[in-house]
Amino acid sequence: MKHSAKKRILVVEDERHIAEGLELNLSLKGYDVTIAPDGVAGLQKWKEWQPDLIVLDIMLPGMDGLSVLQNIRLEDDRIPILILSAKSDTEDKVKGLSCGVDDYITKPFDLDEFLLRVERLLTRASWARAEGYLSKAVLSSQPRTYAFGDNRIDFETSTAYCKCGEIRLTDQEVKLLRLFIARRGKPLARDEILQIGWGYTGEMTTRTVDNFIVRFRKYFEDNPKKPAFFKSIRSIGYLFDH
């Protein structure tokens, strides 16, 4: 097993008193809890610590919670994520759900309800693992293969089949392709691509994104100078469409 039967919960919350209160009450319920004070730290903890569930605030310093959520969903569509947010509008909830969150609670919240929702999410996740179950939502949001034009991408083997032949894709190429496919037909700003695709910390420049686009055009476009799929949007960034 990945770790003991004691379930791990990562709390990504910048309000210290809320984070420590959640840590205390979850610990009293027998969970192993760690706190991340911002989005970048949350991504690092998720990769290093491999929690069973994530409690995620939306309004975080630097990298916001929805960007953290989308970054995680590019690699893992099964870990349960519960958003805990002061944003209570239906539009905010719909946006969170469309990005792949499993549950959404608004602040202020009832502690007993929160703890029950956490327990329920972990129970459902355990059933899914025991049965080897993948929901239709997972299969649709994380396709095993994807075709456009004369190109095909096999995400299970990280292989692209295109005019250049058979190409072994890097982990980062796979992640960015998943992002573009998930946002098909919608413009993506360079900074947004960096933030979601890399967990942008300020160490990279938008030139990093441009270099990957040049690579994708070489792989997938009949004429890289007149791209049909990976299009430039002036003063914004890029658009994937077909």
Side-chain angles (χ1 to χ4, degrees), residues 39-40 43-44 46-47 63-64 66-79 81 94-101 134-242:
V40 173
L43 283 177
Q44 288 180 321
W46 160 64
K47 291 178 179 177
M63 187 180 189
D64 67 75
L66 288 181
S67 293
V68 173
L69 171 62
Q70 290 175 86
N71 185 293
I72 292 171
R73 286 296 181 236
L74 290 175
E75 295 185 30
D76 188 343
D77 215 350
R78 283 170 278 179
I79 183 172
I81 299 177
V94 169
K95 192 171 183 180
L97 291 167
S98 69
C99 290
V101 76
L134 286 178
S135 71
K136 290 181 180 178
V138 169
L139 290 173
S140 61
S141 61
Q142 295 279 25
R144 286 174 287 184
T145 62
Y146 190 85
F148 57 100
D150 295 325
N151 308 294
R152 183 169 65 87
I153 301 167
D154 186 327
F155 287 110
E156 286 193 334
T157 61
S158 297
T159 306
Y161 302 90
C162 54
K163 66 182 179 65
C164 298
E166 185 176 316
I167 296 173
R168 184 73 175 177
L169 299 167
T170 66
D171 289 344
Q172 191 60 48
E173 286 174 335
V174 167
K175 196 170 185 180
L176 291 183
L177 285 168
R178 283 197 183 279
L179 173 57
F180 277 111
I181 291 167
R183 299 286 288 274
R184 174 188 167 188
K186 298 177 181 178
L188 278 165
R190 288 179 176 84
D191 285 345
E192 188 178 10
I193 296 170
L194 279 173
Q195 193 170 76
I196 297 171
W198 275 272
Y200 179 45
T201 61
E203 297 171 359
M204 296 179 183
T205 68
T206 53
R207 176 58 61 184
T208 305
V209 175
D210 297 337
N211 290 337
F212 272 85
I213 296 298
V214 169
R215 200 182 302 175
F216 288 163
R217 286 173 175 170
K218 181 180 178 183
Y219 295 166
F220 304 118
E221 302 284 0
D222 289 333
N223 184 351
K225 293 183 178 180
K226 293 183 179 179
F229 306 117
F230 294 90
K231 303 173 183 177
S232 297
I233 306 296
R234 190 173 181 181
S235 302
I236 298 178
Y238 296 101
L239 169 75
F240 171 73
D241 205 0
H242 68 96

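A distance of 11.0 Å separates SG in Cys162 from CD in Glu221, rounded to the nearest 0.5 Å. Taking CD1 from Ile79 and CZ from Arg73, the interatomic distance works out to 7.5 Å, rounded to the nearest 0.5 Å. Once rounded to the nearest 0.5 Å, the distance linking CD1 of Ile167 with OG1 of Thr159 reads 10.0 Å. Lys226 NZ to Arg217 CZ: the interatomic distance, rounded to the nearest 0.5 Å, is 13.5 Å. To the nearest 0.5 Å, atoms CD1 (Ile153) and CG (Leu169) are separated by 6.5 Å. With rounding to the nearest 0.5 angstrom, the CD1 atom of Ile196 is 11.0 Å from the CG atom of Asp191.
Using a 4.5 Å heavy-atom cutoff, the side chains of Asn211 and Arg207 are in contact. Inter-residue side-chain proximity for Tyr238 and Pro187 is flagged as unmet; no heavy-atom pair is nearer than 4.5 Å. Contact of the Trp198 side chain with the Asn71 side chain is not registered, since no non-hydrogen atoms from C-beta on lie closer than 4.5 Å. In this structure, Thr157 and Arg168 have side chains that are in contact, with non-hydrogen atoms separated by less than 4.5 Å.
For the pair Tyr219 and Asn151, the tightest heavy-atom approach, listed with the atom from each and the gap, is O-OD1, 4.2 Å. Summarising the geometry of Arg178 relative to Leu74, their closest heavy-atom pair is CD-O, 3.1 Å, with the distance given to 0.1 Å. Shortest non-hydrogen contact noted between Gly96 and Leu66 is CA-CD2, 3.9 Å. Minimum interatomic distance between Trp46 and Glu75 (heavy atoms only, all atoms of both residues): CH2-OE1, 3.8 Å. Leu69 approaches Ile81 most closely through the heavy-atom pair CD1-CD1, 3.6 Å. The minimum heavy-atom distance linking Ile213 with Phe180 is given by the pair CD1-CZ, 3.6 Å.
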Open item on the list: Apply side-chain contact (heavy atoms from CB on, under 4.5 Å) to residues Val209 and Leu188 and explain how you reach the verdict.
Closed with: CA-CA 11 Å; Val209 175; Leu188 278 165; over 6 Å; no

Task: Check against side-chain contact (heavy atoms from CB on, under 4.5 Å), Leu177 and Tyr146 - done: CA-CA 10 Å; Leu177 285 168; Tyr146 190 85; over 6 Å; no

Open item on the list: Asp150 vs Lys163, test: side-chain contact (heavy atoms from CB on, under 4.5 Å). Steps then yes/no.
Closed with: CA-CA 8 Å; Asp150 295 325; Lys163 66 182 179 65; over 6 Å; no

- [ ] Please lay out, stage by stage, how Phe216 and Phe230 fare under the test ring pair (Phe, Tyr, Trp, His ring centres under 6.0 Å).
- [x] CA-CA 8 Å; Phe216 288 163; Phe230 294 90; 5.3 Å; yes

- [ ] May I have the step-by-step check of side-chain contact (heavy atoms from CB on, under 4.5 Å) for Phe155 and Arg144, ending in yes or no?
- [x] CA-CA 5 Å; Phe155 287 110; Arg144 286 174 287 184; 5.7 Å; no

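Side-chain rings of Phe148 and Phe240 approach one another, their centers coming within less than 6.0 Å.
Counting only distance, with no hydrogens or angles, the side chain of Arg184 and the backbone of His242 share a donor-acceptor pair below 3.5 Å. Between the side chain of Gln172 and the main chain of Gly197, a donor-acceptor pair closer than 3.5 Å is present.
The pair Arg183-Glu192 meets the salt-bridge criterion, since a charged nitrogen lies less than 4.0 angstrom from a carboxylate oxygen.
Atom NZ of Lys47 is surrounded by more than 12 heavy atoms from other residues, nucleotides or ligands within 6.0 Å. By the 6.0 Å contact criterion, NZ on Lys175 is enclosed, its count of non-hydrogen atoms from other residues, nucleotides or ligands being greater than 12.
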